[in-house]
Amino acid sequence: MRTDAGDNRNTTAFPNLDDYEMECLEKLGTLRTVGDGEVLFQSGDCDYSFFVIKSGGITITESSSGSARVVVTHGAREFTGDVSMLTGRPAVVTAIAAGDSEVIEITACTIRYMLAELPHISDKLLDAFQVRRKLLEASDFLGVRVFGTVDSKEALRLREFFYKNNVTHTFFDIADDVSRNALDGLGFAAEDAPVIACSEHVESKPSLAKVAECLGISRHIKDELYDVLIVGAGPAGLASAVYGASEGLRTLVVDGVGPGGQAGQSSKIENYMGFPSGVSGTELANLGFLQAMKFGAEFTAPVTVRSMSCSEDGNHCVELCTGQKVRTKTVLIATGASYRRLPIEGCERLEGMGVYFSATSVEARVCRDTTAIVVGGGNSAGQAAMYLSQHAKRVKLLLRGNDIRKSMSEYFARRIEQSDVIDIVHESEVEHLEGNGRLEKVSIRNNVSGDCESIPCSGVFIFVGAKPHTEWLPEEIELDSHGFVLTGPGVRNSQRWTLEREPCELETTYPGVFAAGDVRSGTTKRCAFAAGDGALGITCVHQYLSRTGRA
C-alpha cells in the first residue's frame, strides 16, 4: 500500500513517532513481547487494540478478494490502525507480528481518550488513519463484494447503504460472464442475487439491518440517560453531534440510512465555505461523522423512531423500530426532507429501476452512453445535471418555467448553459414513464404547446418538492401548513405551548424537543445553514438543561 517514495501521502500515512510521543503512548498502554507470526487482530474483529512498534514489525494483510495479500509492514516507531478505530466498526485487515517484536498495546476503550485528550498525537494519528483508508481503497482492496444487476432495486438499496455509510464495496454486474462465474464460484446462482461477500462471509438477499449489524454500523444502545438524542445524520444532525459531544454532552445519533442526509446525495458541493475546489456530499458527511466519533458521540443505523413520550421525571423515552428504547433528557429532530415522487403512473413502480432521487456514482452507472433526464430547477438539480453529463451521452434538464436562474445559483446556470451535453428544456414536465422491469422511455410534455415527445431514457432524476420527514412525530409537535416543524418564535402563540417561559430559538411545542435543518419551518434549504442550525440546536439544549436544573 505504500506508494512511490516521492509521494507525500507516505509521510502522512506512515509517520514515525518521536521520543515524546512514544513515551506518552507507553504510559497509556501495556508493553508486550510477541512472537513471529502471532496474530494481533484479524479482519472482522470488533473493539480491537491499537499497537505501536518499539522493535520488530507488524505485517498488515487483507483478504477481500478471498485470498490474503500483504498491504504493508510497519516498522519501529510506526503504528497500526485506520478509520475503523474511530467508527468502532470491525477491522477490515489482519495484523501479524513480523518476527519477534516488542509492541505497546493500547486497548479500544482507551483509544477514544487518546484521540480526544492528546491533540499533539491525535492529529498525526487521525491524518494517518484517513489517508491509509484512501490508499487501501485505491489498491486492490475490494471491500464488500456486491453481486447483482444494475436494474435490481434490492442491489441498489445495498449499494446506497454502503455509499452513505462510507463502506468500501465493489459491485459485480452478473449480466457480465466474469461476474456471474465469480458468483457461481461462491455457490450461488443468479436468482439468489443480490449476494454480498465480506471476506469469507457470504450471504444472499440480506436485510439492511443484518448488513448493518455485521459491519458494526448498527450498535447496541446503552441503557443510560443521554443528554441529547439526535434523530437524523444530515449536516444539521452531524453538526449537532460534533458540538454536543465536544462540549461533554452524552450524545446519541440515529438515522434511517447513514450519515449525509440530502447533502450526502450530492456529487459535489461547491458553495460550502472552506472547500474552494468543492467537496462531495459523502466526503463532507464522513468528515463530520468522524469528527463526532472522535469526541465520543455514539451512532447507530439503520433505525427509525417508532414513538416518543415524556416520563414523569421530565426525561423523554424514545422507542426505535428495533424495539430498543432510549432514555434522554432532550431530543433534537434533524430528519431533513426528501424529494417527492412525480404524480404520474410508474414513478413508484420504477423507483430504483430507472427513477432516482439522487445522482451519485451508484446511480450514474446506469446512464453510461444513454440519455438521462433531470427534473428540477434548484441547485441539487444543477449539481445532478453537471455530474451526469460526465457519464451520460445526453442530459435533458426539465424546467416547468422558462428561467433557469429563478432558483439556481448563477455559477450552476452558467455552466449548464455552456455544456455541450446538457439540453435545457423549458416549460416542460414528465408526462409518462414506460418500462417493463426497468425504465425504457420517458414522455415529455411541453406545457405551452401541449405537444409530447417520447425519448428513450435509462434514468430520470427527480429534484422537486421537498417533503419533510415528520410522519413519525407525536401530535404534541405542531407543524406548519406544509408539514415542517414550527420552532421558537413560531410556537409562542400556539395553544400547544403551555409554559410561561419563552421557548428556546429551536424548541418545538414539545418542551425539551428541538428541530434543526431542513425539517424546520422557514429554513433556506442550504447545507451551510443546516450545519449552523445544528450548532444552534446544541446551544438550545444547554439553555434548556440549565433552565430546568438538569445540566
Side-chain angles (χ1 to χ4, degrees), residues 150-165 208 232-235 255-269 280-282 284-285 301-302 304 335-367 371-389 391-392 395-400 407-408 412 429-430 433 435 438-439 442 444 457-471 482-484 517-519 525-527 530:
V150 293
D151 57 359
S152 165
K153 184 180 294 188
E154 293 77 14
L156 179 66
R157 285 180 68 235
L158 287 169
R159 294 167 65 197
E160 286 182 332
F161 181 75
F162 293 145
Y163 184 83
K164 288 288 290 287
N165 287 280
L208 287 188
D255 193 272
V257 182
Q262 194 179 112
Q265 299 171 351
S266 297
S267 56
K268 193 174 186 180
I269 302 172
S280 73
T282 52
L284 183 64
T304 55
T335 43
S338 60
Y339 295 108
R340 298 179 187 270
R341 294 189 183 101
L342 297 178
I344 57 176
E345 192 281 326
C347 190
E348 183 175 0
R349 175 174 57 86
L350 293 170
E351 190 173 320
M353 296 178 288
V355 174
Y356 308 103
F357 299 89
S358 61
T360 67
S361 59
V362 175
E363 295 84 11
R365 182 178 181 133
V366 305
C367 297
T371 296
I373 293 176
V374 178
V375 182
N379 277 357
S380 293
Q383 289 171 345
M386 290 302 303
Y387 180 67
L388 292 170
S389 68
H391 301 269
V395 176
K396 292 186 178 295
L397 177 63
L398 268 58
L399 304 178
R400 295 187 68 179
S407 54
M408 187 181 295
F412 268 135
E429 56 188 299
V430 175
L433 301 174
R438 70 160 290 105
L439 180 67
V442 176
I444 300 175
C457 176
S458 59
V460 168
F461 298 82
I462 302 170
F463 299 92
V464 294
K467 176 186 176 183
H469 294 294
T470 55
E471 63 282 347
H482 299 288
F484 293 88
D518 288 358
V519 75
K525 308 298 184 291
R526 289 289 188 267
C527 185

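A search for side chain to side chain contact (heavy atoms under 4.5 Å, CB included) contacts involving T304 returns C321, not counting sequence neighbours.
A donor-acceptor contact shorter than 3.5 Å links the side chain of Q262 to the backbone of A337. The main-chain N or O of G281 is never found under 3.5 Å from a side-chain atom of S266 such that the two would form a donor-acceptor pair. N165 contributes a side-chain N or O that, together with a main-chain N or O of V257, makes up a donor-acceptor pair within less than 3.5 Å. Between the side chain of Q383 and the main chain of K268, a donor-acceptor pair closer than 3.5 Å is present. Formation of a donor-acceptor pair under 3.5 Å by the S380 side chain with backbone atoms of F463 is not found in this model.
The shortest side-chain heavy-atom distance between F357 and S338 does not fall under the 4.5 Å cut-off. A 4.5 Å side-chain heavy-atom check between V464 and Y339 finds every atom pair outside the cut-off. Side chains of V395 and M386 form no contact here, defined as non-hydrogen atoms less than 4.5 Å apart. The closest side-chain heavy-atom distance from C347 to I462 is below 4.5 Å. Between R526 and N379, the closest side-chain pair of non-hydrogen atoms falls below 4.5 Å.
Rounding to the nearest 0.5 Å gives a distance of 9.0 Å between CZ of R349 and CG of L439. How far CD of E160 is from NZ of K153: 11.5 Å, rounded to the nearest 0.5 Å. The structure places NZ of K467 at 6.5 Å from CZ of R340, a figure rounded to the nearest 0.5 Å. Atoms OG and CG, from S389 and L397 in turn, are 11.0 Å apart once rounded to the nearest 0.5 Å. Atom CG of L342 is separated from atom CG of L433 by 7.0 Å, given to the nearest 0.5 angstrom. The OH atom of Y163 sits 8.5 Å away from atom OG of S358, with the distance rounded to the nearest 0.5 Å.
Heavy atoms only, all atoms of each residue included: A372 and A392 are closest at CB-CB, 4.1 Å. Closest of all the heavy-atom pairs between A384 and A359 is CB-CB, 3.7 Å. Across all their heavy atoms, G336 and V519 have their closest contact at N-CB, 3.6 Å.
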Practice task
Check the pair L208 / R157 against side chain to side chain contact (heavy atoms under 4.5 Å, CB included), numbers first and verdict last.
Solution key: CA-CA 8 Å; L208 287 188; R157 285 180 68 235; 3.4 Å; yes
Problem - Evaluation steps, side chain to side chain contact (heavy atoms under 4.5 Å, CB included), between R438 and S458 - result: CA-CA 8 Å; R438 70 160 290 105; S458 59; 4.1 Å; yes
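Using modelled atom types, one finds a donor on one side chain and an acceptor on the other under 3.5 Å when comparing T360 with E363.
Note that K525 lies in the cation-pi zone of F484, set by a 6.0 Å cut-off to the ring centre and a 45° limit from the axis.
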